[in-house]
Student: 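What follows is a structure written as structure tokens; I'll ask about it next.
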Amino acid sequence: MNVAYPSSEFESDLAAIEGFADLLRTGFENPESIRGTVRITIPEHPDQSFIARYGEELFIERHDMDRETDTQVVIPIATIHRIFNEFEFLDWRDPAIIGTITFTGNLAYANHLAKSCIRLSNWTMARFRKAGRLHAAKGYRNLTEVEYLNQPTQRQILEVMEESRPVVITGLEPTPPCRDWTIDKLSERYSDAVVRVRSATHRQTMAEFVKELKDFEANPYDDMIEGFVKPYTEGANLPEEMWADFGPLFFDREDFIPPQLWLGSVPTHIPTSSLHRDPLTGFLLQVIGRKRLDLYSADQENLIYPMKSYNNYQPCWFKPEAPDFNIYPKAREAKGLSVTLNPGELLVQPAGWFHQVYALDSPNMSVSYFWRY
Ligand SMILES: [Fe+2]
């Protein structure tokens, strides 16, 4: 629930369009002073179309509608209702949403606006506040190393979560078989498992995916081609067939939301996930290649410029990989903590820790589980 926007007030088309414009306006931030214009057209209500103009704030304008804009977005009223009712858990990658919207012109502006219209739930806000207080009380910003635990007990892990301390768990062998996985072994063992769904009709099995991945790694095509998608599962649900080998350790399956698979070809020179934090505790099992995580404690939020509009995770404006201290001067004082995960290691990252992820090797595979409670 988000008390500022009770859904009962936005049931009519006109109220939903006004509410949508209001979400964009009040969620808009522009620390880098970008200037641009986006025309939003609602085909069922053409007279309610508007132009969103970027300034220090976002201006919603309904005059001079014939002017040229940098970006044009056509969004049906049904999608506005849906966005409006779901902004607390909306995922823009959902084909049922993104597939109904047409974009032309400069897509960066549309992306920026898409971020502006999501909102967090009161529950998420409370989780982050709690993490901030705890991390401040424990002095976690002064940690210089992530602790390692070899073959811990369930109780030890519960303690770690209670104290909101990140740890790397080692010694997971021999079961499950976390080491020595290769993409060929995956292809052999789970050949028919569906690992990626790009549309309702386009599903890829592990065998097809690994073949595409190998072709790509042998002959990488240009990143800059429009519409190009790297062979990467990007957090797709872990197929049922893989649960036996990669299912959650230490706790029951029911204690986690459905696990995600991060498998594929990844850039190693830029982060695979930019700086953000999650409201749930994450377990990250590294399987193929290495990953490095740079962590910042929750009490440093005022130093790394988290976005005010977000829902299921909170991204930051500040980019540690390309720091601009003129725009984000407080980030000079932020203290990060780095940890490298090797295959067979499991990171427990308590809720609220900001993190940025680098894949150090490609192809790369991890499985992530979020602790439900
Ligand atoms: Fe995350």
Side-chain angles (χ1 to χ4, degrees), residues 88-94 115 118 120-121 123-132 134-135 140 143 146 157 160-161 164-169 232-238 246 248 255-264 266-268 270-287 289-301 303-321 334 336-341 345-360 364-373:
E88 291 168 347
F89 43 91
L90 182 75
D91 183 348
W92 279 108
R93 293 168 303 176
D94 181 349
K115 285 182 199 142
I118 53 178
L120 73 168
S121 65
W123 179 85
T124 302
M125 203 184 311
R127 299 282 292 200
F128 287 156
R129 278 211 199 106
K130 184 180 168 202
L134 188 57
H135 292 193
Y140 286 156
L143 278 181
V146 173
I157 298 172
V160 157
M161 288 198 277
S164 194
R165 247 185 314 140
V167 294
V168 174
I169 295 174
Y232 187 46
T233 64
E234 224 186 340
N237 281 350
L238 182 73
F246 301 103
D255 293 330
F256 296 88
I257 63 170
Q260 299 169 305
L261 174 64
W262 307 87
L263 166 67
V266 282
T268 53
I270 52 166
T272 51
S273 297
S274 55
L275 189 60
H276 71 280
R277 62 174 164 174
D278 306 294
L280 292 170
T281 292
F283 287 58
L284 185 68
L285 176 65
Q286 190 56 28
V287 182
R290 294 163 302 153
K291 271 195 175 148
R292 190 187 89 216
L293 284 94
D294 297 338
L295 310 175
Y296 296 84
S297 55
D299 59 317
Q300 298 188 79
E301 66 177 320
L303 305 180
I304 50 179
Y305 303 85
M307 293 183 185
K308 76 173 177 188
S309 297
Y310 62 96
N311 54 11
N312 42 19
Y313 70 96
Q314 185 176 30
C316 293
W317 291 104
F318 174 66
K319 307 223 167 335
E321 75 278 18
L337 179 63
S338 274
V339 62
T340 298
L341 281 184
E345 294 179 341
L346 174 69
L347 174 72
V348 180
Q349 180 183 260
W353 278 88
F354 289 95
H355 53 287
Q356 167 161 268
V357 186
Y358 284 90
L360 301 182
N364 203 292
M365 173 174 163
S366 326
V367 178
S368 62
Y369 315 89
F370 282 100
W371 177 248
R372 197 181 277 285
Y373 314 109

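Atoms within a ligand are numbered from 1 in the order they appear, just like the ligands themselves. Heads up: numbering here begins at 1 and tracks the sequence.
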Student: Please tell me whether Ser164 and His135 have a donor and an acceptor in their side chains that are separated by less than 3.5 angstrom.
Tutor: yes

Student: For Ala359 and Thr272, work out which heavy atoms get closest and say how close.
Tutor: CB-CG2, 3.9 Å

Student: What pair of heavy atoms forms the shortest contact from Leu295 to Trp353, and how long is it?
Tutor: CB-CE3, 3.9 Å

Student: If you measure from CD on Glu301 to SG on Cys316, what distance do you get to the nearest 0.5 Å?
Tutor: 9.0 Å

Student: Minimum heavy-atom separation for Ile169 and Val348, please, with both atom names.
Tutor: CD1-CG2, 3.7 Å

Student: Tyr358 and side-chain contact (heavy atoms from CB on, under 4.5 Å): which partner among Ile270, Asp294, Val266?
Tutor: Asp294

Student: Strictly under 2.8 Å, how many protein N, O or S atoms lie near the Fe ion (ligand 1)? Waters don't count.
Tutor: 3

